[in-house]
A.B. asks: 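This is the structure, below, for whatever I ask next.
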Number of protein chains: 4
Amino acid sequence: MSPKPVLHTIPPDIVAAKDYAVYARERLTDMAWEYLDSGAADEVTLRRNIEAFQSISLKGRMLEDVGGGHTRLSLFGHVYEHPVFLAPVAYQKLFHAEGELACALGASVTQTLMVLSTLSTTPLEDVARAHGTPLWFQLYLQRDRAVSLELIRRAEREGYRALVVTVDAPLAGIRNREQRAGFRLPDGVSPVNLPPFTPHAPVGAGQSLVFDSLMPSAPTWADIEWVLAEARLPVVLKGILAPEDADRACRMGVAGIGVSNHGGRVLDTLPAAIEVLPEISEVVNGRAAIFLDGGVRRGSDVFKALALGATAVMIGRPYIQALATAGPLGVAHLIRTLREELEIVMAVSGTPTLARISRAHLRL
Amino acid sequence: MSPKPVLHTIPPDIVAAKDYAVYARERLTDMAWEYLDSGAADEVTLRRNIEAFQSISLKGRMLEDVGGGHTRLSLFGHVYEHPVFLAPVAYQKLFHAEGELACALGASVTQTLMVLSTLSTTPLEDVARAHGTPLWFQLYLQRDRAVSLELIRRAEREGYRALVVTVDAPLAGIRNREQRAGFRLPDGVSPVNLPPFTPHAPVGAGQSLVFDSLMPSAPTWADIEWVLAEARLPVVLKGILAPEDADRACRMGVAGIGVSNHGGRVLDTLPAAIEVLPEISEVVNGRAAIFLDGGVRRGSDVFKALALGATAVMIGRPYIQALATAGPLGVAHLIRTLREELEIVMAVSGTPTLARISRAHLRL
Amino acid sequence: MSPKPVLHTIPPDIVAAKDYAVYARERLTDMAWEYLDSGAADEVTLRRNIEAFQSISLKGRMLEDVGGGHTRLSLFGHVYEHPVFLAPVAYQKLFHAEGELACALGASVTQTLMVLSTLSTTPLEDVARAHGTPLWFQLYLQRDRAVSLELIRRAEREGYRALVVTVDAPLAGIRNREQRAGFRLPDGVSPVNLPPFTPHAPVGAGQSLVFDSLMPSAPTWADIEWVLAEARLPVVLKGILAPEDADRACRMGVAGIGVSNHGGRVLDTLPAAIEVLPEISEVVNGRAAIFLDGGVRRGSDVFKALALGATAVMIGRPYIQALATAGPLGVAHLIRTLREELEIVMAVSGTPTLARISRAHLRL
Amino acid sequence: MSPKPVLHTIPPDIVAAKDYAVYARERLTDMAWEYLDSGAADEVTLRRNIEAFQSISLKGRMLEDVGGGHTRLSLFGHVYEHPVFLAPVAYQKLFHAEGELACALGASVTQTLMVLSTLSTTPLEDVARAHGTPLWFQLYLQRDRAVSLELIRRAEREGYRALVVTVDAPLAGIRNREQRAGFRLPDGVSPVNLPPFTPHAPVGAGQSLVFDSLMPSAPTWADIEWVLAEARLPVVLKGILAPEDADRACRMGVAGIGVSNHGGRVLDTLPAAIEVLPEISEVVNGRAAIFLDGGVRRGSDVFKALALGATAVMIGRPYIQALATAGPLGVAHLIRTLREELEIVMAVSGTPTLARISRAHLRL
């Protein structure tokens with residue numbers, strides 16, 4: 001069954017983020033779908049990201065005057081209209097012919113922050129110059145520090161406002177569904193921001209691919225020190241789940257912590273991001289901004305994350321599904337939907353601004 | 001498939017409240033069904049209202065003498081035969097040609113209190129004069145206090161015995177199923193007690209529908225003060241879930257608190273009403289009557305609510321399903337069924353009167 | 001589909017108690033099946049009786065010497081070969097042409113105690129004189145004490161060894177599946193031990209069937225006092241779930257307590273019998289024997305009940321299913337199966353006798 | 001449907017241990033499959049072995065330097081490449097024409113320890129001399145100590161490195177699915193290491209098969225004392241779940257404890273092995289090595305068992321399924337898959353060696 005064409009209007013039965021999944025499935029190849037949708041191993045963490053949000057109860061506060069409220073926040077010297085950011089997602093031309101540019105257009109219409117992936121299929125300069133979208137740059141540290149440094153300098157030059165260093169994927173997760181689909185990048189889809197790929201040294205007899213080839217070139221805390229010394233932008237570490245790691249990152253001076261299990265894509269049976277957020281939030285204690293991704297599908301999920309200490313959230317799969325369904329229009333509609341849901345939760349919780357949202361608004 | 005006709009006898013396979021759902025589904029348009037049946041967002045709260053009751057255990061007390069027991073209660077100066085009240089439900093002509101009048105007839109046969117909605121499709125005067133049904137009036141506060149006051153005065157004039165002010169729906173909940181069904185009121189079904197609808201002011205660029213248009217005209221605690229000052233009837237606030245709100249309402253002098261999440265229709269992932277009842281009951285501590293709605297489907301649910309502090313319960317969807325199935329006869333049969341179930345629970349729990357029902361009769 | 005004939009051999013795919021359910025379903029009318037199989041209301045308690053056993057963990061003790069062990073117990077002056085008794089079940093001719101006599105034959109072959117119901121479809125004298133089965137008599141107290149006393153005297157005369165007074169069914173439970181099947185006793189099936197049925201006085205206008213007609217003639221603690229004074233046999237009260245009731249019964253001098261929710265047939269959302277057993281056992285503290293029924297389907301369930309304080313267990317639906325499938329042979333095979341399962345659990349738990357089974361053999 | 005032929009390459013959709021189950025099902029007779037796949041009674045423990053692992057959360061530690069790490073361990077004077085051992089499984093010619101020899105070949109390729117069953121269908125000498133696979137010998141104690149001693153001496157002579165005495169199966173578990181399939185050993189499949197089977201003495205009237213025939217010849221602690229006195233190899237007791245038993249075994253001087261419920265095959269509703277591991281580990285306190293089997297399906301399961309105190313784990317059903325699917329190649333591929341999964345968990349948990357894995361790497 002060949003994929004259906006991208007839509008140019010939003011059909012009336014798309015009324016929530018999850019409705020995009022059905023439409024996207026029909027518009028993607030099996031390989032692209034499995035790459036997007038699958039999680040590591042038995043997908044325990046993938047499911048738990050969703051279920052953990054549903055098991056947290058709102059409290060509901062009635063009759064408060066919230067007229068004139070808003071969802072704005074100020075962060076690293078910039079103001080953002082709302083706290084729903086687009087997480088870095090690689091290879092967006094897998095999902096839409098215009099890839100990252102289509103996404104950036106949808107984001108700019110809704111004044112939404114987009115985090116561009118190192119593995120973008122569009123040059124980072126082109127994205128920066130296209131639509132005036134607020135942008136951060138996601139950095140996968142490269143084996144060669146000169147290559148990493150050049151990426152940092154390009155992002156700084158093009159007006160990206162922060163660096164998001166992903167630390168939880170030193171190697172690819174074992175996503176069984178993606179493996180069964182025989183995933184490989186199709187022709188014309190490649191990480192154009194990077195120099196040509198140099199294969200790892202072959203593994204000798206009795207050697208371990210993981211320990212003797214991949215991990216020796218994986219980033220370590222020493223590399224984070226180096227980034228912090230070199231970068232002129234605020235640095236966010238994305239992929240932190242242990243409070244000990246959050247504390248160490250704060251002591252090193254990061255500007256933000258990204259609480260994330262990489263969408264359940266790297267290591268199965270990690271806890272849901274929202275489950276560990278309270279303990280991370282407690283240890284960070286205001287020293288850094290906190291971002292959460294993993295399982296955000298409703299405005300109420302955004303509210304809950306903020307109530308438990310997040311500064312803002314990031315969404316991943318939902319916006320790619322919206323992109324695959326209806327391009328920039330889909331992305332914009334999705335974000336508007338989530339934002340309206342968030343505003344309603346705020347209204348019925350008696351919280352006219354993000355700053356007023358606290359644990360007291362949950363029934364814990 | 002066009003809807004089936006309303007029944008004039010109760011078929012022998014309708015033996016419990018939930019049996020009406022199947023029959024009602026066949027007798028309603030898709031739009032009317034989804035309007036009635038759906039809940040907000042992922043319907044977590046909708047399901048939880050039901051499941052929370054099932055997870056509470058009765059204790060069972062045998063061999064007590066309960067002969068001559070009864071289910072009567074006295075409330076705001078009136079005696080009611082049993083504690084199963086009809087919650088306010090809007091637009092009843094969506095479900096039966098005679099709408100609220102059919103309902104009131106079924107209620108009067110069983111001497112059941114009915115709470116008429118502000119959004120009744122029958123003038124409140126007609127309902128009051130038709131069948132001698134015990135009535136309370138549910139009030140949605142209107143943007144214009146004069147309109148609200150006129151509603152209050154009309155209700156007082158017609159012998160309604162209490163005012164139920166709904167406070168948990170300052171805006172419509174996002175019910176995705178109802179949205180997908182493209183719900184709109186059909187011709188001939190309208191809120192006849194209200195003056196013609198005046199649209200909200202249009203929202204300017206960069207403004208929020210929620211914060212800048214809807215919520216500024218939503219009721220606040222100040223409006224409740226005003227109602228309490230103006231109304232000559234006992235006032236019940238319906239839609240309270242937070243103990244802090246219950247306490248504030250008591251201090252303002254309300255006669256009753258309605259513990260409710262609006263049937264899971266406004267905000268998803270709120271707790272079940274029965275889950276928060278114990279803490280509300282503790283803070284109210286006798287200062288006001290307590291009503292509970294949400295998930296009551298069995299006489300044992302009524303018993304559990306009373307054991308945890310409720311004075312009486314309200315049912316919503318079940319009686320509308322009964323109305324759609326068999327009109328007044330359906331409503332009367334449903335109520336008789338619930339009441340008999342309640343009496344059996346009371347008998348096997350050793351509690352001949354409602355006043356004897358306590359937490360000691362549950363296995364907590 | 002007309003019922004299949006009763007089997008004369010046990011098919012090789014019947015290897016556990018639950019396997020009989022499938023065969024029995026094919027051999028019973030819808031009415032008989034629903035009467036047997038259904039539980040009250042939503043059948044929460046019916047399911048919970050089963051699930052509660054599965055959620056209790058054995059501990060496993062290896063390498064103990066249990067050679068020469070056995071399952072015998074001594075009770076009210078008699079020795080029984082094993083602790084799996086047949087609970088009283090009414091109207092057994094609904095399930096097999098020979099009714100209680102077929103059952104008694106299967107029980108006698110396996111030296112199993114059978115408790116004959118007041119609502120037996122075979123005269124209690126015929127059962128007593130047929131097969132030498134060890135028998136107790138179950139008593140439903142009748143409105144007229146003279147009728148009750150006559151039943152007691154007949155049982156005493158015929159060598160029944162104990163009286164089991166059922167106290168948890170002062171009125172019939174509302175079993176919705178049974179109601180939907182339109183259950184009524186077929187011709188030729190009737191409670192032959194009782195005088196012809198006298199209907200209750202009709203209920204007047206405004207009166208309650210439950211409180212004004214049924215419950216005034218239901219047994220109370222005063223009736224139990226009377227039975228204890230009159231009966232020459234040990235008296236067991238069956239249907240106790242509250243520790244307070246167990247304590248009162250012990251103080252009155254009963255010989256045994258039957259912890260039971262009547263197979264989930266009377267009141268839904270009561271706890272599983274095995275859930276309340278520990279607290280009953282604690283309050284009884286050796287003053288009376290304790291019997292448990294409800295959900296026993298495996299030898300491991302018997303073991304768990306004994307570990308938590310039961311003296312013996314009773315089974316209900318399983319033996320009726322076996323009776324319907326293969327008559328006396330089915331009953332005998334079922335009991336042998338359960339007993340072998342019990343012996344294996346005892347062997348792998350290091351407990352050669354029932355007296356050695358304790359809470360220490362569970363992982364609580 | 002006759003079984004499909006064994007594969008000679010691994011199809012691309014086998015990417016995880018559980019994928020072998022589907023292929024194996026198609027390659028085995030119903031009898032062999034049910035023998036392999038079924039568990040005791042209702043299979044509560046069988047499922048719980050799997051689910052208990054999934055409910056344990058990893059913690060995730062990022063940015064640690066784990067280059068040069070490895071999975072080696074040293075045990076009883078030998079070094080093993082990784083901690084995934086092959087549990088003893090009887091009658092392997094049921095699953096592959098070459099039976100234990102095929103398995104040993106797969107194990108040797110991956111330098112994996114194999115525990116040969118007493119009930120091997122290949123002489124223990126043949127297995128020892130074939131492929132240089134590291135081997136332990138599993139001993140079922142025989143009624144006649146001379147037979148047991150001869151088995152021990154043969155294993156010692158052939159270079160088996162340890163004795164694994166299985167203590168949790170004094171009699172066959174009641175596996176209902178296997179019973180329904182009418183399992184019996186086909187011609188040509190027999191326990192060739194043992195003398196011809198002597199039936200137990202027949203059971204007399206009123207005697208118990210379990211207590212009077214089977215259990216009197218089952219092994220007891222006294223037999224373990226005897227084995228410890230006679231054997232020149234380290235002795236592991238496999239099938240311990242109670243801390244008291246583990247303690248007694250340590251005091252007697254065993255070299256290892258096998259925490260196991262026999263794959264849920266003997267007694268249902270025992271806890272999952274991984275559930276009791278922490279308490280066993282605490283009581284053993286370093287006095288013996290600890291092995292765990294039951295439910296290991298992922299590298300993350302291996303990691304969790306080690307974090308909770310196991311020295312190594314054993315797998316059972318998965319390698320037999322791999323054997324049935326693709327012979328030695330299947331076994332080798334399975335082990336490589338599990339080992340790579342383990343290495344990835346170690347990498348993303350900051351643990352370069354097994355010794356570094358601790359409870360601190362779980363989120364308990």
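In what follows, chains carry the letters A, B, and so on, assigned in the order in which the sequence lines appear, proteins first and then strands, with residues in each chain numbered from 1.
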A.B. asks: For chain A, which candidate among S349(D), S300(D), G68(D), P12(D) shows the most heavy-atom pairs at distances under 4.5 Å?
C.D. replies: G68(D)
A.B. asks: Heavy-atom distance under 4.5 Å between the side chains of V348(D) and L270(A), does that happen here?
C.D. replies: no
A.B. asks: Could you tell me which non-hydrogen atom of K59(D) sits nearest to which non-hydrogen atom of A242(A), and how far apart they are?
C.D. replies: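 Where K59(D) meets A242(A) most closely, the heavy atoms are CE-CB, 4.2 Å.
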A.B. asks: Does R297(D) form a salt bridge (Lys or Arg N to Asp or Glu O under 4.0 Å) with D42(A)? I'd like the steps, not just the answer.
C.D. replies: CA-CA 10 Å; R297(D) 297 294 180 272; D42(A) 298 309; over 6 Å; no
A.B. asks: Does any backbone or side-chain atom of A218(A) lie under 4.5 Å from a heavy atom of chain D? Answer side chain, backbone, both or neither.
C.D. replies: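 Looking at A218(A), nothing touches chain D.
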A.B. asks: Side chain from CB out, backbone as N, CA, C, O: work out which of these in E279(A) comes under 4.5 Å of a heavy atom of chain D, or both, or neither.
C.D. replies: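 Looking at E279(A), just its side chain touches chain D.
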A.B. asks: Taking atom CD as the centre, does Q207(A) end up with more than 12 heavy-atom neighbours from other residues, nucleotides or ligands that are less than 6.0 angstrom away?
C.D. replies: yes
A.B. asks: So which part of I56(D) gets closer than 4.5 Å to some heavy atom of chain A, the side chain, the backbone, both or neither?
C.D. replies: backbone
A.B. asks: Go through the side-chain N and O atoms of T269(A) and R298(D) and say whether any donor and acceptor fall under 3.5 Å apart.
C.D. replies: no
A.B. asks: Just so I understand: if I count every heavy-atom pair under 4.5 Å between each of V66(D), L63(D), V15(D), D65(D) and chain A, which residue has the most?
C.D. replies: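 Most heavy-atom pairs under 4.5 Å with chain A: L63(D).
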A.B. asks: Once you round to the nearest 0.5 Å, how far does CZ of R61(D) lie from CG of D245(A)?
C.D. replies: 4.0 Å
A.B. asks: Based on non-hydrogen pairs under 4.5 Å, which of P271(A), P170(A), P216(A) is most in contact with chain D?
C.D. replies: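 Looking at each of P271(A), P170(A), P216(A) in turn, P271(A) comes out on top.
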A.B. asks: Do you know the tightest heavy-atom contact between F211(A) and T71(D)?
C.D. replies: CE1-CG2, 4.3 Å
A.B. asks: Using side-chain contact (heavy atoms from CB on, under 4.5 Å) as the criterion, point out the one residue from E340(D), R339(D), E343(D), H82(D) that pairs with S208(A).
C.D. replies: E343(D)
A.B. asks: Drop me the distance from L58(D)'s CG to L241(A)'s CG, to the nearest 0.5 angstrom.
C.D. replies: 10.5 Å
A.B. asks: In the structure I gave you, are the side-chain heavy atoms of M215(A) and P352(D) within less than 4.5 Å of one another anywhere?
C.D. replies: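 Counting from C-beta outward, M215(A) and P352(D) never come under 4.5 Å.
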A.B. asks: Please report the closest heavy-atom contact between W221(A) and E64(D), naming both atoms and the distance.
C.D. replies: NE1-OE2, 3.5 Å
A.B. asks: Below 4.5 Å from any heavy atom of chain D, which atoms of V167(A) appear? Answer side chain, backbone, both or neither.
C.D. replies: both
A.B. asks: Working to the nearest 0.5 Å, report the span between OG of S57(D) and CD of E275(A).
C.D. replies: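 Atom-to-atom, S57(D):OG and E275(A):CD are 6.0 Å apart.
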A.B. asks: At a heavy-atom separation under 4.5 Å, does I224(A) approach chain D through its side chain, its backbone, both, or neither?
C.D. replies: side chain
A.B. asks: Hey, could you give me the CD/CZ distance between Q54(D) and R47(A), rounded to the nearest 0.5 Å?
C.D. replies: 7.0 Å
A.B. asks: Does any non-hydrogen side-chain atom of L171(A) lie less than 4.5 Å from one of I344(D)?
C.D. replies: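 Yes, side chains in contact.
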A.B. asks: Does E230(A) have more than 12 heavy atoms from other residues, nucleotides or ligands lying within 6.0 Å of its CD?
C.D. replies: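 Yes, CD of E230(A) has more than 12 neighbouring heavy atoms, counting only those of other groups under 6.0 Å.
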A.B. asks: Any chance you could measure E341(D), atom CD, to N176(A), atom CG, to the nearest 0.5 Å?
C.D. replies: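 Those atoms lie 7.0 Å apart.
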A.B. asks: Inspect the contact between D19(D) and R180(A) and indicate whether a charged nitrogen and a carboxylate oxygen are less than 4.0 angstrom apart.
C.D. replies: yes
